[in-house]
Amino acid sequence: MSSRRAVAYLAITLTLLAATAVALDRWVWAPAMISTAQRVDFARRLPVPPLAPSHRDSRGRRVFDLRAQTGEHDFGSGPVRTEGYDGTYLGPTLRMTRGEQVVVHVRDDLPEATSVHWHGMRVPAAADGGPHQLIPPGRSWSASWRVDQPAATLWYHPHPHGATARQVYHGLAGLLIVDDPATTIPQLPHEYGVDDLPVIVQDKRFTDDGRLDDTSAPLAGIGLLGDTVVVNGVTGPYLPVVTRRVRLRLLNASNARTYDFGFTDGRRFALVGTDGGLLDAPADLRRIMLSPGERAELVVGVDPGQTTVLRSYPHPLGTGRLGDRFVGGDDTLDILQLRAAAILRPSPEPPRTLAPLPRATRAQAVRVREFSLNNDAINGQPMDMGRVDAAPVAGSTEIWRVVNDDGIPHNFHVHGVQFQVLTVSGAPPPPQLSGWKDTVYLPPDEPVELIMSFPRHPGPGLYMFHCHLLYHEDSGMMGQYAVTDPGADMNTQAGH
Ligand code: C2O
Ligand code: CU
Ligand code: CU
């Protein structure tokens, strides 16, 4: 080969390599990052889900009715086929008080089976609404329990095995607020829809012909990542603020996306509550990260006439600089604009202490269990509705040591309890993980130790624990536990 020819081949090879690099950058790397910063019009007033009506029955129980149905909903640019509870998208906010007995009748008017799970609620297994409590189309199911936990922002959503992601994505989700008269804090904003607001954050993708696109993000391995954020069911919302402070009850009801929330002007906020209740003291923060299923209650102050935008910032997800790009870690998403009126009603500062938060200690635990999340399974076993993976004793306290061995984002949710985070990678938890939690993000290879006590409830049955990235949950990254009576044999308790 002449040297001239060799040079020509080299030039061609280099050109092809460069072209490949450009193409990779252009078609794979660059589009994997989404930014809507300053590109959202904030033209729609934030809708507030109505409070669900309820009545007292002859036994003094508070009774709610919910109907899962299909509908057409306008997120902001025309009607889209959706699903909702008592409406076309999302559902009313259920509000209940500690100590009362509640009953929820759920009717399934969808063309397929569903279930309704009360995420974060301490309930008997038969009322939990997991995959074992399926409601066939056209039928009803009733759940009843006594509310016995601190004031908190919880939520409800379907849980039929294999179909949870699709049903939640199409709109089946709602907020559930627990009030506790013993720890009511008058200094916290508490007028629902005025200075105390649900902020249900979800990401969507729409097809060209205006349907909800539920195909998975390429390369992500975590399911659906949307390019459009909807809050309480609308795109580009603004919130008219009429008081000096507002309380935002943030819920990440997205299928797979994590958010790192903050304000565009860098203002700080008080984190007052996490998944399962108020913190013992407000934490002064600038950012709060929420993975799917997690909640946070923030109190944010504004001055008259100000506007600021709640935004989700790029944040490390632990999968490396390359990996994070494909799982949403580099994305910037504008969420909600706060627009303060020219004259604001005064609101007090949050108090220095909030609610009692008894610390669980390692010494209380009677048992440590290990859970490794990997390859659509937990401890190597994909979800099996006929298998019991753990049988903790009622009234006992356990430490669950959970590790994501998978190299992609996962989180961990446990039904039926609220836990405390003992350690993350061996270190004590940051303020945002220091209160009651039921869902926690698992950065790859960073073990998280959770401590929890299993309440005693009437009746047997199963509770789930799983990754709350809904595609993973549907694909089998879920296990089941049965709470056993002290002294009983698990094999006689767990049957169903
Ligand atoms: Cu939010 Cu098993 O659920
Ligand atoms: Cu749950
Ligand atoms: Cu997962």
Side-chain angles (χ1 to χ4, degrees), residues 91 114-125 127-134 143 145 149 152-165 167-169 172-176 200 202 216-217 220-225 251-258 275-276 290-295 317-319 323 327-328 371-378 382-383 385 389 402-419 436-444 448 452 461-481:
T114 189
S115 78
V116 183
H117 165 60
W118 324 103
H119 178 129
M121 201 92 218
R122 290 169 60 135
V123 293
D128 193 46
H132 295 275
Q133 285 99 35
L134 272 192
W145 67 91
Q149 64 193 88
T153 304
L154 315 179
W155 65 303
Y156 61 94
H157 63 78
H159 219 298
H161 191 45
T164 298
Q167 292 191 1
V168 172
Y169 185 64
L172 292 171
L175 216 64
L176 193 167
I200 304 173
Q202 300 174 301
S216 290
I222 59 171
L224 187 136
L225 284 177
L251 159 64
N252 180 356
S254 307
N255 285 43
R257 185 177 284 287
T258 56
D275 299 344
L290 297 181
S291 67
E294 291 185 288
R295 288 87 64 208
L317 287 163
T319 68
V327 289
F371 298 93
S372 149
L373 281 71
N374 192 314
N375 199 19
D376 290 338
I378 298 180
M383 166 70 167
M385 286 181 58
D389 299 282
V402 190
V403 60
N404 167 4
D405 282 324
D406 209 19
I408 61 170
H410 294 298
N411 69 5
F412 195 71
H413 167 53
V414 187
H415 285 211
V417 295
Q418 289 290 332
F419 51 71
W436 292 115
K437 294 285 295 169
D438 56 52
T439 308
V440 66
Y441 185 65
L442 299 176
V448 174
M452 63 198 89
L462 295 165
Y463 297 95
M464 308 298 122
F465 53 87
H466 57 88
C467 174
H468 216 290
L469 277 65
L470 302 181
Y471 167 69
H472 293 162
E473 166 179 351
D474 280 342
S475 316
M477 190 171 269
M478 175 151 65
Q480 316 193 95
Y481 75 91

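Here, residue 1 is the first one in the sequence, and each next residue gets the next number. Atoms within each ligand, like the ligands themselves, are counted from 1 in listed order.
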So H159 and H117, would you call those rings parallel, tilted or perpendicular, with 30° and 60° as cut-offs? perpendicular
Students often mix this up, so state it plainly: with edges at 30° and 60°, are the rings of W155 and H119 parallel, tilted or perpendicular? tilted
Quick check on ring pair (Phe, Tyr, Trp, His ring centres under 6.0 Å): which of H410, H472, H415 does H466 satisfy it with? H415
For a distance under 2.8 Å, tell me if H415 has an N/O/S atom near atom 1 (Cu) of ligand 1. no
Examine H117 and say whether one of its N/O/S atoms is closer to atom 1 (Cu) of ligand 1 than 2.8 Å. no
Any N/O/S atom from H413 (main chain or side chain) under 2.8 Å of atom 1 (Cu) of ligand 1? no
Is a side-chain donor-acceptor pair under 3.5 Å present for H132 with Q480? yes
Give, for atom OG1 of T319 and atom CD1 of I222, the distance between the pair rounded to the nearest 0.5 Å. 8.5 Å
Angle at atom 1 (Cu) of ligand 1 between NE2 of H157 and NE2 of H468, to 10°? 110°
Measure from the Cu ion (ligand 3) to every N/O/S atom of H472 and report the name of the nearest one. ND1
To make sure I understand the geometry: which N, O or S atom in H410 is closest to the Cu ion (ligand 3)? ND1
Taking just the N, O or S atoms of H119, which one is nearest to atom 1 (Cu) of ligand 1? ND1
Name of whichever N/O/S atom of H159 is nearest to atom 2 (Cu) of ligand 1: NE2
Closest non-hydrogen atom pair between A253 and I200, with its separation: CB-CG2, 3.8 Å
